[in-house]
Amino acid sequence: MSDFLQELNTVQRQSVLATDGPVLVVAGPGSGKTRVLTYRIAHLIREGVAPWEILALTFTNKAAREMKERIEKVVGSGANQVWAGTFHSIFSRILRMEAEKIGYPSHFTIYDTEDTKSVLGAIIKEMNLDKTVYSPNVIRSRISSAKSNLITPRLYAEKEDLLQQDRAAKRPLTFQIYQQYSDRCKRSGAMDFDDLLYRFYELLHRNPDQVLEKYRKKFRYVLVDEFQDTNHLQYAIVRKLVQYPESPRNICVVGDDAQSIYAFRGATIQNILDFEQDFKNHGIQVFKLEQNYRSTEHIVEAANSVIQFNQRQIQKKIRSEKGSGHKIQVVKAMTDSEEGKRVADTLLEQKNRFHLSNRDIAILYRTNAQSRIFEEYLRRFNIPYRVFGGLSFYQRKEVKDLIAYLRLAINPRDEEALRRVINFPKRGIGDSTVEKISTLAGARQVPMWECLPLAEGGARTQQSIAGFIRLIQELASRAQTANAYDVALYAAEKSGLADLLRTDTTPEGIGRLENLANLLDGIKSYCEDDSEEAIDFSADKSLTGYLQNIALLTDFDEEDKTGGDAVTLMSVHSAKGLEFKSVFVVGLEENLFPSIMSMDTMEGLDEERRLFYVAITRAEQFLTLTYSVSRYKFGQMRYNEPSRFLEEVPRESLESAGGLKTGSSKEAAAGPPTATVSGAFQRRTNAHNASFKADPASFQASPSEQIQAGMRVLHLKFGEGKVLSIDGAKDNRVATIFFQGIDNPQRRIMLKFAKLQILE
DNA sequence: GTTGGTATCTGTGGA
DNA sequence: AGATACCAAC
């Protein structure tokens, strides 16, 4: 065993060696955070701590896997006995062992977001509520944040502030939906992603002697990665495990407040502040890793400068010793398509000039929907690429369908799976029959599965239902004896799913059949895989094990089909923790990055800025920032100003300061009037002229509801303009109007208040 | 009960 | 633009 401690700088080594008692490591980007975590664990093992006494919680499977691999390199085998994994996977593993104690079967189903939305949709429909008001997505996030704050349905119904918010949003019955959803999940033997955390907390809380005590003793050392992204519930669980009278409080959390980008799903930097407070009296040690080993100086300077614009932060400044390096390039495009082309051009040029491989390069965007254009041009240029974050393999319809059969075989109470396949492929059990069964189940408070034989209907329907029950029972009994692959193959054939796809000869149909075959292959290799890495504490070759495993996978965990050397396309969110020699951050426009959803609050904007900080600190040597003057959204052309974040990058770090690389004049001429952007990024000057451009005497405002996209209109102050688009409905209609000849010619105007005269 | 066409909505990020 | 929901016709 080499002495790995030599590879660390002073602060890193201190963070590794401070094994006992509470430790907070504030780790800037590229500061060797993963190295500290892994060496810390390796060091613990070397000092005689048993691997299974160590609990290391991460946010992604990838981070967990990497950590285990690196520990193994240092200490050899034994690394796979460390309890390292995501919050969700570790807790789900323990829940399976202890599920009965909170009234769940050990083979409980895990609902993904789609399942959750579908269940909510059904409840909303049954309650006869308008789903445009009670949008499943909104309700889901409301329920999610309730769970993340340890608010049960019953508590929710007592919280006046929550009820008040719901009333204000015209959704007063949200608490009832939450209650029903909760009941239904329980009845179905199902947990959603939040439940994996929430029920785990419940398990510990309700069984202090049998369970909590056991895991407190077991996990003598607890580590948490990306602590800034934990929510209240996650921290409550961690605290429960380590915060008790005779605890050694061997808790180490690693995080960076500047990289907190998940407030939208309940993460709170407050946890870092609370942590310091909670462990103040137990000899907490705080280390700051500020030395950046990833990026050159221009990039680090840009990052430091940008983050200064935030309101609240733990003061720290990252330092680079890599030399000044290349300046940051800013590319302006007239259209989203041109942006794609210019990124591909620049990328090729960089590859040639600096001998970069495809895998050294990433294109990062704010929203997944932006990937399409870049894919188009990369394909055209014959550059292999890999897109992360789209529809994952396991979310495809045909895959989910077969999995639904498997889910039913394991847990017939799983109502969502039942609804999904009871009539797919078609077997003559239509909506009305399903509704009858559902109503019956609701009235009796039992799973739908138990009501199947009771459904009223014609003889043919009865027969169909009996056939379906038989099919599922067959699958279930096979699952008792056969391995997962055999059950899956049998399900694919016996359900008619495989036959249905075989008859579809369209290219999409053939693709779907291939996906099904791939799924079967995947299941096969899953149950045959007895390689050493698969045989760690998490090995469970049963069908149940398989199902729980895939429920927690993301497309990060999917196989790379590009042969390994591909350009990476992903959202900035999923790029956290990664690094590339060259990074393109694209779509740097107001309303996109920062996102329009975040712009009404300071906190929202700060989070977007941290996201931008994360984006630029992914780059080692080359950083290219691009924006487009116009882009299509929902089939409509939109115009946006350059992102405010571009101005927050110091001029000295930009290539050809003040100047911009713009598109060719031909392309520029094809775009809309650009209204003279002098200097690099001219921003809105608030002092606009108060004088009238239109004659107030002859001005006659038209009723605002008549304003439509495409019209020419007159505004008293701004003069004549063209309505580019309209967003929102009724009182919230907002027009984007282009006024020729004024500063920042593109304006968004609330029609409710606007005085506009229609000219044609 | 099923099929196919039209209207409507979508509008951040992810385990 | 693309997915989904809904409705009328088979």
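All values reported here derive from a predicted model rather than from experimental measurement. Protein chains get the first letters and strands the later ones, always in sequence-line order, with residue 1 at the start of each.
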Q.
Taking the six-membered ring of A:Tyr613 as reference, does the cationic atom of A:Arg610 (NZ for Lys, CZ for Arg) lie under 6.0 Å from its centre and within 45° of its axis?
A. no
**Q.** Contact nearer the 5' end of DNA chain B, comparing A:Ser135 with A:Ala551
**A.** A:Ser135
Q. Of all the nucleotides listed (B:dA15, B:dG11, B:dG13), which has the minimum atom distance to the side chain of A:Phe264?
A. B:dG13
Q. Counting side-chain heavy atoms from CB outward, which of B:dG14, B:dT2, B:dA15 is closest to A:Asn423?
A. B:dT2
Q.
Counting only side-chain heavy atoms from C-beta out, which of B:dG11, B:dA15, B:dG13 sits nearest to A:Thr113?
A. B:dA15
Q. Regarding A:Arg239 and the six-membered ring of A:Tyr235, is the cationic atom NZ or CZ under 6.0 Å from the ring centre and inside 45° of its axis?
A. yes
Q) Mind checking the C1' distance from B:dG13 to C:dT4? Whole angstroms is fine. A) 22 Å
Q) Taking the side chain of A:Arg638 as its heavy atoms from C-beta onward, which of B:dG11, B:dA15, B:dT2 lies nearest to it? A) B:dG11
Q: Using side chain to side chain contact (heavy atoms under 4.5 Å, CB included) as the criterion, point out the one residue from A:Thr433, A:Ile465, A:Leu452 that pairs with A:Ile422.
A: A:Leu452
Q. For A:Ser571 and B:dG14, is the shortest distance between a side-chain N/O and OP1 or OP2 below 4.0 Å?
A. yes
(Q) By a 5.5 angstrom centroid cut-off and a 30 degree plane limit, is there stacking between A:Tyr632 and C:dA1? (A) no
Q) Using a cut-off of 4.0 Å on non-hydrogen atoms, how would the nucleic acid contact of A:Arg140 be classed: base, sugar-phosphate, or nothing? A) base
Q. What about A:Lys633, does its side chain sit under 3.5 Å from the base of B:dG11 through a donor-acceptor pair?
A. yes
Q.
Here's one to test your reading of the geometry: is the NZ or CZ of A:Lys341 within 45 degrees of the ring axis of A:Phe374 and under 6.0 Å from its centre?
A. no
Q) Of all the choices, B:dA15, B:dG1, B:dG11, which nucleotide is nearest to the side chain of A:Thr433 once you look at every atom? A) B:dG1
